[in-house]
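Data block below; observations after.
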Amino acid sequence: YGNAPLYDLATLRTLFLTFESDDWEQELATFYGTDVDVPARIVVDGKAYPDVGVHFRGNSSYRMVSDGAKRSLNLAFDFADEDQSLLGYRTVNLLNANGDPSLLRGVLYAEIARQFLPAPKMNWVRVVINGEYWGVYVSAQQFNKDFLREHYDTTEGARWKVPGRPNGRAGMEYLGDDHAVYKRLYEIKTKDSDKSWNALVAMFRVLNTTPLERLEAELSPLLDIDGVLRFLALEVALVNSDGYWTRASDYSLYLGEDGRFRVIPYDINEALMDEGRGRFGPGGFGRGGGVDLDPLVGLDDETKPLRSRLLAIPALRERYLGYVNEVATRWLDWDTLGPRVEQWRGLIADDVRLDTRKLYSTQAFEESIDGPRESLREFIEERRAFLLAWRP
C-alpha cells in the first residue's frame, strides 16, 4: 500500500509476525497481565521491523476466548528501539472484535466520534503468525504521545487509562484527598507525580462539591466541558454498553498543558448493538442498553457526576441533547452509513471467510451487518427513529 496511512479505511495491510518459539501463544498467555512483552519480528509492506514487543491485551476479549482462538494483541514497535515505529505509530492494537461478528461496529463508532472530538483511529489488517494465517483483526490507535501530537500538537501532559471492570467506580467521584484511593481506579500512563494526581483530585472535588449554580464557571478552567458533553452524547446515542454511562470505565483522561482535562473514548467494541436482545451478544460486562436507551439515563446516579451533575444544569443539558440529536440526524442514517458499511464489508469479506480462527461464523458476519434481525442496520434504523421521536 506504499505511502497510504496506517489507518486508511481503504487499505487491508498484512502484518507478518514471526516469534522465535512455536509456543508463542503459551508464552503470551504466561505473561498476560504483566509488563513483560515477547519479542517478534514483523514485516509490513515488505519492510522488516525487528524486536517488536507483543502481549495479549483486553479483559473479556481475552478471558472469554479459548486457547487457539483469536485473541487481541498489543504491538510495541519501540520495544527495543525507541525510534522504531510503523508508519509513524509506535504502538498498534490488534483487536479480535469480541462481541461483534461484523468487525465493523468499533470502526464505525470511531469514525462518527471523530466528527465530534479527538478519538482513536481504527481500520483492519490481516495477520499471519509464524507462517499461519490468523485472519482479520481490527487495528486501533493507541492513546499515547503519538495521539497527543496528532490531536493537540504536543506530547506533554498527563494521561490516565480507566480500564474495564465489572463493577467500575471510576466515574470521577471525589473520594477524599488520598491519592492511593484513586490509584486503585485510574491507571496513570505518564510519570506518576503528585502534581498530576493533585490536579485530578482537584478537578473531581470541584465537579462533585461545587453548588450547581457555580459549577460551570468553576469547572471550566479544569475540564473541557463541551468535549465532555460530546463524549456523553456519543456513547449514549450510539449505545456504548461498556462505557461511562453504564459502569464508569473504559475511557481515557488527558490533562493538557492548559490545565484542563479531556475525556477520550476507549474500548468501543460493545456499541451499536442491542445488548438486551443478545442474539450475537457482546459477552462482556456491560449493563445493557438498546435502541430505546433514554438519552437522560443516569441523572440520579451520583457515582457518575459527569452525567448527574453536569446534565442537572439546564443549559448544559440542552447542549448535550443537541449533540444527541445531531448524532441521530446526521449519522444514524443508513442512507449515509450504508454505502460506507458496504464498502468496508467488501474490503474484508473474502478474508473473513478464509479465517479459521475467527470468533464467529461467516454467516454471523454477514447477518450481523444487514441480516433479517438484530443486525447493525436494524439497530441504526431503530435507534434513529427512537431518538428523533424522543421527548424529555
Side-chain angles (χ1 to χ4, degrees), residues 1-15 44-45 70 86-87 89 92-128 133-141 150 234 237-240 265 268-274 280 326-355 358-385:
Y1 286 100
N3 294 323
L6 181 61
Y7 293 103
D8 179 60
L9 286 164
T11 67
L12 186 62
R13 284 185 165 89
T14 303
L15 277 61
V44 184
D45 289 344
K70 185 182 299 183
L86 176 60
L87 297 174
Y89 296 90
V92 175
N93 294 295
L94 304 182
L95 311 181
N96 62 3
N98 183 46
D100 177 19
S102 76
L103 280 80
L104 301 180
R105 285 175 167 85
V107 178
L108 185 55
Y109 189 110
E111 283 304 293
I112 296 173
R114 281 162 46 76
Q115 313 306 312
F116 291 85
L117 77 174
K121 297 175 181 176
M122 301 176 74
N123 66 350
W124 306 268
V125 296
R126 303 182 192 94
V127 175
V128 176
Y133 180 58
W134 276 70
V136 178
Y137 284 73
V138 176
S139 176
Q141 182 182 7
E150 185 172 320
L234 282 161
L238 303 181
V239 192
N240 180 5
I268 49 180
N269 65 301
E270 294 184 16
L272 291 163
M273 66 177 73
D274 194 332
F280 298 112
E326 184 179 352
V327 174
T329 303
R330 292 184 56 197
W331 295 105
L332 289 177
D333 181 352
W334 196 251
D335 289 338
T336 298
L337 297 183
R340 300 187 190 198
V341 168
E342 192 57 35
Q343 180 182 9
W344 297 344
R345 171 162 58 181
L347 179 69
I348 66 175
D350 288 344
D351 289 277
V352 170
R353 295 186 189 102
L354 293 171
D355 182 359
K358 57 180 175 283
L359 304 184
Y360 304 93
S361 68
T362 299
Q363 181 180 357
F365 165 73
E366 295 289 353
E367 292 185 356
S368 69
I369 297 172
D370 56 6
R373 62 189 181 93
E374 298 177 35
S375 64
L376 176 61
R377 176 173 185 170
E378 182 184 68
F379 177 87
I380 287 171
E381 291 178 340
E382 292 187 6
R383 182 61 173 156
R384 184 175 196 264

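Hydrogens, waters and symmetry mates are skipped; everything else that's a heavy atom, side chains included, is used.
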Apply side-chain contact (heavy atoms from CB on, under 4.5 Å) to residues Asn98 and Tyr360 and explain how you reach the verdict.
CA-CA 9 Å; Asn98 183 46; Tyr360 304 93; 3.9 Å; yes
From [atom1] ([X]) to [atom2] ([Y]), nearest 0.5 Å:
X	Y	atom1	atom2	answer
Ser375	Glu381	OG	CD	7.5 Å
Met122	Leu95	CE	CG	5.0 Å
Thr362	Glu367	OG1	CD	11.0 Å
Gln115	Leu117	CD	CG	10.5 Å
Leu234	Arg114	CG	CZ	12.5 Å
Arg383	Asp274	CZ	CG	9.5 Å

Looking at Lys121 and Glu150, is there a salt bridge between them, counting it only when a charged N and a carboxylate O are closer than 4.0 Å?
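Here Glu150 pairs with Lys121 in a salt bridge, since their nearest N and O are under 4.0 Å apart.
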Using a strict threshold of under 4.0 Å (side-chain N to carboxylate O), is an ion pair present between Glu342 and Arg345?
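Salt bridge between Arg345 and Glu342, a charged N being under 4.0 Å from a carboxylate O: yes.
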I need the minimum non-hydrogen distance between [X] and [Y], along with the two atoms involved.
X	Y	value
Ala364	Pro101	O-CB, 3.7 Å
Thr11	Pro5	OG1-O, 4.4 Å
Ala4	Leu87	O-CD1, 3.9 Å
Leu6	Arg13	CA-NH1, 3.7 Å
Tyr109	Ala271	CD1-CB, 3.4 Å

Passing option when Ser368 is tested against Glu378, Arg105, Gln363, Glu374 for side-chain contact (heavy atoms from CB on, under 4.5 Å)
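Of the listed residues Glu378, Arg105, Gln363, Glu374, the side-chain contact (heavy atoms from CB on, under 4.5 Å) partner of Ser368 is Arg105.
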Taking Leu376 as the fixed residue, which of Leu108, Asp100, Asp370, Leu337 is the one that meets the side-chain contact (heavy atoms from CB on, under 4.5 Å) rule?
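The residue from Leu108, Asp100, Asp370, Leu337 that satisfies side-chain contact (heavy atoms from CB on, under 4.5 Å) with Leu376 turns out to be Leu108.
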Would a distance-only check, ignoring hydrogens and angles, find a side-chain to backbone donor-acceptor pair under 3.5 Å from Arg126 to Leu15?
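Not at all, since once roles are kept as given, no pair shorter than 3.5 Å links the two residues.
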Donor-acceptor pair, Lys358 side chain versus Val352 backbone, under 3.5 Å?
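Looks like yes, one N/O pair under 3.5 Å.
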Measure the shortest side-chain to side-chain distance between [X] and [Y] over non-hydrogen atoms and say whether it is less than 4.5 angstrom.
X	Y	value
Trp344	Leu12	no
Leu104	Ile348	yes
Val341	Arg377	no
Trp331	Leu238	no
Tyr137	Leu103	no
Lys70	Asp355	yes
Val127	Tyr133	no
Val107	Tyr7	no

Which is it for Arg384 and Asp333 under the side-chain contact (heavy atoms from CB on, under 4.5 Å) test, yes or no, and what are the steps along the way?
CA-CA 7 Å; Arg384 184 175 196 264; Asp333 181 352; 3.8 Å; yes
Take a 6.0 Å sphere around CZ of Arg353 and say whether it holds more than 12 heavy atoms from other residues, nucleotides or ligands.
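Yes, because the 6.0 Å sphere around CZ of Arg353 holds more than 12 heavy atoms from other groups.
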Only pairs at least two apart or in different chains count here, so list each salt bridge (charged side-chain N to carboxylate O under 4.0 Å, His left out) that has a residue in residues 2-12.
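Those involving residues 2-12 do not exist here.
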